[in-house]
Engineer: 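Mind looking over this structure? Questions follow.
Per chain, numbering begins at 1; letters A, B, ... match sequence-line order. Excluded from the calculations below are hydrogen atoms, water molecules and symmetry mates; all remaining heavy atoms, backbone and side chain alike, are included.
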Amino acid sequence: MEIPKTYEPKEIEAKWYPIWESKGYFTAQAKSDKPAFCISIPPPNVTGYLHMGHALQHTLMDTLTRWRRMKGYNALWLPGTDHAGISTQIVVEKRLWEQEKIKAKDLGREEFERRVWQWKEHAGGTIQRQIRKEGASCDWTRERFTLDEGLSHAVREVFVRLYEEGLIYRGAYMVNWCPKDQTALSDLEAPKKEVKAKLYHISYPVKDSDEKIIVATTRPETMLGDTGVAIHPNDERYKAYHGKHAVLPLVGREIPFVCDELVEMDFGTGVVKVTPAHDPNDFKMGLTHNLAQINVIDKFGKMTEDAGPEFAGLDRFAARKLVIEKLEAQGLLVKIEDYTHKVGHCQRCDTVLEPLISTQWFAIMKGMAQEAIKAVQDGRTQFIPENWTKVFYDWLENIQDWCISRQLWWGHRIPAWYCSSNHINVARETPSTCSTCGSTELRQDEDVLDTWFSSALWPFSTLGWPAQTDDLKTFYPTSEMITGFDIIFFWVARMMMMGLKFMGDVPFRRVYITGLVRVDGEKMSKMKGNVVDPLDVFERYGTDAVRFTLASSVTGGTDVDLQEVKKKVGGQEIREYPKMEAARNFANKIWNASRFMFMNLGDTEFNNSPFENASRYDYWILSRLNRAIDDISSGLEQFRFFDVTQTLYRFFWNDFCDWYIELSKPVVTAKETTPEVVAARQRVMYILEKSFRLLHPVMPYITEELWQRLPHKGESISIAEFPVSDQSQINDQIEDQMRSVIALITKIRNVRSEMNLPAHEPLTVKLGIKEEALQKVVQESEDAIKRLAKVKEIEIKPDLEIEKFAARAVITGIEISIPLEGLIDLDKERDRLSKELAKIEAEIEKLSESLANPNFVERAQPKIVEQSRNRIADLTSQRETVKANLANL
RNA sequence: GGGCGAUUAGCUCAGUUGGUAGAGCAUCGGUCUUACAAACCGAGGGUCAUAGGUCCGAGUCCUAUAUCGCCCACCA
């Protein structure tokens, strides 16, 4: 069979995915006797592109899904996309403007919606194609989109039920308003950012008095809407003002002093101006003290008529300047300080948000939040790593009502209709008459729901809810949720609440929270130019290699850091990723080990139990294999992806390639095909085949390709059984024995290298081995030692006599002498032995210190004490040997 | 202001009931040994951030401190 010398992933990857998909390997059964396993994908933006964060999470999800599928689960990885309200709408609006100079408003709602669908059809599908490239074993027959008919149905059902229960209400409250995007936002979409600003101290005259009080504000323009001045009820300094009024400068309005505990006496002067219409705190105080709400800023961020003729129409920031100028002119500006504080910004467009009072829909989350907390407390859902649990609790404990309406056109329209008398009709189906007054003139609410509202239903809406489908019965609760910490509140918490509310059970059993993918410790950003495009690196290193890299970078849920090395090639800068190179090399190693086997296979048939009457090293690799199976399985169970990949790497490269293949070579490559030779080939094939299956969840493409080339019949490794370990094949004794053989070979090589001996000159080696069993082991491994350490003659005795011109070494249980008449450099040998002696003595000293301590001997575990004694005995004998050899030089 | 995480070899990171510090990459030396130079063989390199404490014994547990990073919060 022709097989190239290096692994070329491109064609192989392109070949397999369509086969997997068309054969239906990833299609789960709605009803099955097998245990169910399900992961719902965190739906990416329908018009989005794959980034490294997806690649990371999808790799983990795919690895887990493939593993479970191979273990015989009815495994479902359910894919889909999110309509992503604001961001999609913004993208389409921008395109319309750039390409056609049309504003959305001019198109009208229906036409605009049609255009977005059009754009979705056109640009959509990209992300799905890219997910396929990752090798993701999603069940595309069950793909969902949040604006699907089915999901929209679920959204409506949930909205109506919550409304009927009084958990959704409509009202005029203060919300975060984005003057650019023209919509309300939830608190989560309004991250606070530190801003360098000024703190303006303004003096307000007290009515019927010559006194003035000083207030401090970062937003002087809002003073035009002040309707009160607040002080702390216990503040002695201002007791005299209780019940009095201040006269608002520039406006002349008389505004009352109010007492409120929200005021911090220690901050500034302890006096706060109160603008109920433009600050969340002031809004609350306004309600408490019945203060008027005067809107002086509109939804575009411009001053209103109520701000007065001089200010009306001005931008809020221009108004700020003008207010300051005027106050200064009147001598009412006391001072301006530099001040750094946090200001809410739009998550999408970074515009400084304006707190505004507006009529919106809200969901009351407190009760549901408590249920979600309980579900985690009693272990129905588990966070991994565990420390996210606390973050989750803290947020839910302090949850506020969720503003769920958005002033957008792209999304699930709120199922509320108003008659001409503004009676509210919330209904599953479009009503024809008002349920309150019977009016037939109904208009639907213009707003849509927050994107996250539909996402919150994702784990059950995608399985067919509210219909009681087989899918829903089989796969809910889903098994694992894998996502980033950045959407724990946006999404995970809300799924928990909605799942518990509407399904009566948690949406998933475990949540694995991943970190961020960084480059050289930095967040990726277009500005920095350090964005890594997954498709680009798939192309350059192979998808399997990138997957392996990502999986191996996942440790305790901490961030994944890709190192980057910049190289100039022909004046062009190329960015390389050493970890990916290493993983590519690993893939190449797998390729070449397989190549070795295929080259020597002939017409050898596959044998499921080729380990009858085999050699020690055969049983050794079998033991190593079974140990690896255990480690990999428990690692996958516990999301310990680093351990999984490391075990795969070490088992395959170090144990299998470096030792087993080398040890097997003479038999496997023999020209004559005796039954022993056939058996040896079958053993290599057996180990290799199991290795492919172990590797497959992480590296699906290369393993499928190679597995298919094996002589046995199997449809696809995707649906092959994941190896199960056989404890009876794990053999500590044999592993110990092989450790000695390996140590011996390594030591001889080491001496050769250290003594600068010719690389190819076969050596004669004398070994002093007292223990009979070990003697036997070494004797039986003579051929291997000769070949792998380049030795022509081995002599084994219980003790070695002193010899003048020889390099001497010692390992546990074995004394080594390599006669080097004429080749030896005595000074060099003396140096080498002295160093060795120093090492041994240092260890002896450490051990004897603890053994000399009676407390250690009494209190330490007996096992540990015994180990120390054995070790020290071994070291002491080694020391004597080295000393004697040194003295003889 | 609260909370969380990190600090181990030049770099990136492992280190699961406390019991002689590990890997990959990089470095140095040697090899085309017919699977693989994207390879093989060998070597060097760490007072585990600092200071205390518990313990026979601490990278691992406790308490402070420092530096970095992240999250949450209604001091205008």
Engineer: Tell me whether E194(A) at atom CD has more than 12 heavy atoms from other residues, nucleotides or ligands lying less than 6.0 Å away.
Structural biologist: yes

Engineer: Measure the distance from CH2 on W653(A) to P on A37(B) and round it to the nearest whole Å.
Structural biologist: 11 Å

Engineer: Which residue lies toward the 5' end of RNA chain B, Q638(A) or N600(A), if each is placed at its nearest nucleotide?
Structural biologist: Q638(A)

Engineer: Roughly, in whole Å, what's the span from CZ in F652(A) to C1' in A35(B)?
Structural biologist: 10 Å

Engineer: Would you jot down, in residue-number order, the residues of residues 264-273 of chain A having a non-hydrogen atom under 4.0 Å from RNA chain B?
Structural biologist: E264(A), F267(A), G270(A), V272(A)

Engineer: Y649(A) side chain: which of C25(B), U12(B), A39(B) is closest?
Structural biologist: C25(B)

Engineer: Output the rounded distance in Å from CD (Q563(A)) to C1' (C13(B)).
Structural biologist: 9 Å

Engineer: Counting only side-chain heavy atoms from C-beta out, which of U12(B), A35(B), U33(B) sits nearest to H760(A)?
Structural biologist: U33(B)

Engineer: Between A21(B) and G46(B), how far apart are the P atoms? Round to whole Å, please.
Structural biologist: 13 Å

Engineer: Say you pick atom C1' in A26(B) and the same atom in U12(B); how far apart are they, in whole Å?
Structural biologist: 11 Å

Engineer: Looking across every strand, which nucleic acid part, if any, lies under 4.0 Å from E662(A) by heavy atom: base, sugar-phosphate, or nothing?
Structural biologist: base

Engineer: Is the ring pair F652(A)/F586(A) parallel, tilted or perpendicular, if the boundaries are 30 and 60 degrees?
Structural biologist: perpendicular

Engineer: Please state the C1' separation for the pair U7(B) and G15(B) - nearest whole angstrom.
Structural biologist: 15 Å

Engineer: Mind checking if T746(A) touches a base, just sugar-phosphate, or nothing, with heavy atoms under 4.0 Å?
Structural biologist: sugar-phosphate

Engineer: If I pick the P atom on U63(B) and the same atom on U27(B), what distance separates them, to the nearest angstrom?
Structural biologist: 43 Å

Engineer: Could you give the CD-to-P distance, from E194(A) to C70(B), as a whole number of Å?
Structural biologist: 12 Å

Engineer: For N756(A) and G29(B), give me the distance from atom CG to atom P, rounded to whole Å.
Structural biologist: 12 Å

Engineer: For the pair K579(A) and S552(A), evaluate side-chain hydrogen bond (donor to acceptor under 3.5 Å, both in side chains) and give the outcome as yes or no after the intermediate values.
Structural biologist: CA-CA 9 Å; K579(A) 285 184 184 177; S552(A) 68; over 6 Å; no

Engineer: In this structure, how many angstroms lie between the P atom of U20(B) and the CD atom of Q861(A), rounded?
Structural biologist: 11 Å

Engineer: Do N176(A) and D187(A) have side-chain N/O donor and acceptor atoms under 3.5 Å apart?
Structural biologist: yes

Engineer: Please work out if R871(A) contacts a base, only the sugar-phosphate, or nothing of the nucleic acid, heavy-atom cut-off 4.0 Å.
Structural biologist: base

Engineer: Any side-chain N or O of N585(A) under 4.0 Å from OP1/OP2 of A39(B)?
Structural biologist: yes

Engineer: Return the nearest nucleotide to the side chain of R749(A); candidates are U20(B), A35(B), G42(B).
Structural biologist: G42(B)

Engineer: With the threshold set at 4.0 Å, does a side-chain nitrogen-carboxylate oxygen contact exist between D338(A) and K198(A)?
Structural biologist: yes

Engineer: As a test of reading the structure: which of G69(B), A38(B), C13(B) is closest to the side chain of R518(A), going by heavy atoms?
Structural biologist: G69(B)

Engineer: Which part of the nucleic acid, if any, lies within reach of R640(A) when heavy atoms closer than 4.0 Å are counted: base, sugar-phosphate only, or nothing?
Structural biologist: base

Engineer: Suppose you measure atom C1' in C55(B) against the same atom in U17(B); what distance do you get, rounded to whole Å?
Structural biologist: 16 Å

Engineer: Rounded off to whole Å, could you give me the NZ-to-C1' distance for the K5(A) and A39(B) pair?
Structural biologist: 10 Å

Engineer: Report the residue (N387(A) or R595(A)) whose heavy-atom-nearest nucleotide on RNA chain B is the more 5′ of the two.
Structural biologist: N387(A)

Engineer: Measure from the side chain of A860(A), starting at C-beta and using heavy atoms only, and say which of C72(B), G19(B), A38(B) lies closest.
Structural biologist: G19(B)

Engineer: Mark yes when over 12 heavy atoms from residues, nucleotides or ligands other than K196(A) sit less than 6.0 Å from its NZ; otherwise mark no.
Structural biologist: no

Engineer: Could you check whether E564(A) pairs with R575(A) (Lys NZ or Arg NE/NH1/NH2 to Asp/Glu carboxylate O, under 4.0 Å)?
Structural biologist: yes

Engineer: Under a 4.0 Å threshold between the charged nitrogen and the carboxylate oxygen, would R709(A) count as salt-bridged to E705(A)?
Structural biologist: yes

Engineer: For the side chain of N588(A), counting heavy atoms from C-beta on, which of C74(B), A39(B), A38(B) is nearest?
Structural biologist: A38(B)

Engineer: How far does the P atom of G59(B) sit from the matching atom of G52(B), given to the nearest Å?
Structural biologist: 15 Å

Engineer: For Y339(A), report the nucleic acid contact type (base, sugar-phosphate, nothing); a contact means any heavy atom under 4.0 Å.
Structural biologist: sugar-phosphate

Engineer: Does a donor on one side chain and an acceptor on the other come within less than 3.5 Å for T275(A) and D226(A)?
Structural biologist: yes

Engineer: Determine the contact category for T217(A): base if any of its heavy atoms lies under 4.0 Å from a base atom, sugar-phosphate if only primed atoms, P, OP1 or OP2 are that close, otherwise nothing.
Structural biologist: sugar-phosphate

Engineer: Using atom NZ of K846(A) as one end and atom P of A21(B) as the other, report the distance to the nearest whole Å.
Structural biologist: 5 Å

Engineer: Parallel under 30°, tilted from 30 to 60°, perpendicular over 60°: which one fits the rings of F283(A) and Y173(A)?
Structural biologist: perpendicular

Engineer: Tell me which nucleotide among C71(B), C41(B), A14(B) gets nearest to the side chain of F489(A).
Structural biologist: C71(B)

Engineer: If we ignore angles and hydrogens, is there a donor and acceptor under 3.5 Å between the side chains of T812(A) and D874(A)?
Structural biologist: yes

Engineer: How far does the P atom of G19(B) sit from the matching atom of U60(B), given to the nearest Å?
Structural biologist: 11 Å

Engineer: Report the secondary structure of RNA chain B in dot-bracket form, marking unpaired bases with a dot and bases paired to a different strand with |, and treating Watson-Crick or G-U pairs with both distances under 3.5 Å as paired.
Structural biologist: (((((((..((((.....[..)))).(((((.......))))).....(((((..]....))))))))))))....

Engineer: Out of A35(B), C25(B), C40(B), which nucleotide sits closest to the side chain of K665(A)?
Structural biologist: A35(B)

Engineer: Of the nucleotides C25(B), A14(B), C36(B), which one has an atom closest to the side chain of T555(A)?
Structural biologist: A14(B)

Engineer: Out of V258(A), L248(A), V271(A), V263(A), which one pairs with V229(A) under the side chain to side chain contact (heavy atoms under 4.5 Å, CB included) rule?
Structural biologist: V271(A)

Engineer: Considering every strand and a 4.0 Å limit on heavy-atom distances, what is the contact class for K390(A): base, sugar-phosphate, or nothing?
Structural biologist: sugar-phosphate

Engineer: When you get a sec, tell me which of G5(B), G29(B), C36(B) is the closest nucleotide to the side chain of K589(A)?
Structural biologist: C36(B)

Engineer: Can I get a per-line list of side-chain donor-acceptor pairs under 3.5 Å for residues 593-602 of chain A, giving both atom names and the distance, sequence neighbours left out?
Structural biologist:
from: S594(A); atom 1: OG; to: I590(A); atom 2: O; distance (Å): 2.7
from: R595(A); atom 1: NE; to: I3(A); atom 2: O; distance (Å): 3.2
from: N600(A); atom 1: ND2; to: F596(A); atom 2: O; distance (Å): 2.8

Engineer: For the P atoms, the ones on A23(B) and on C71(B), what distance do you get once it is rounded to whole angstrom?
Structural biologist: 36 Å

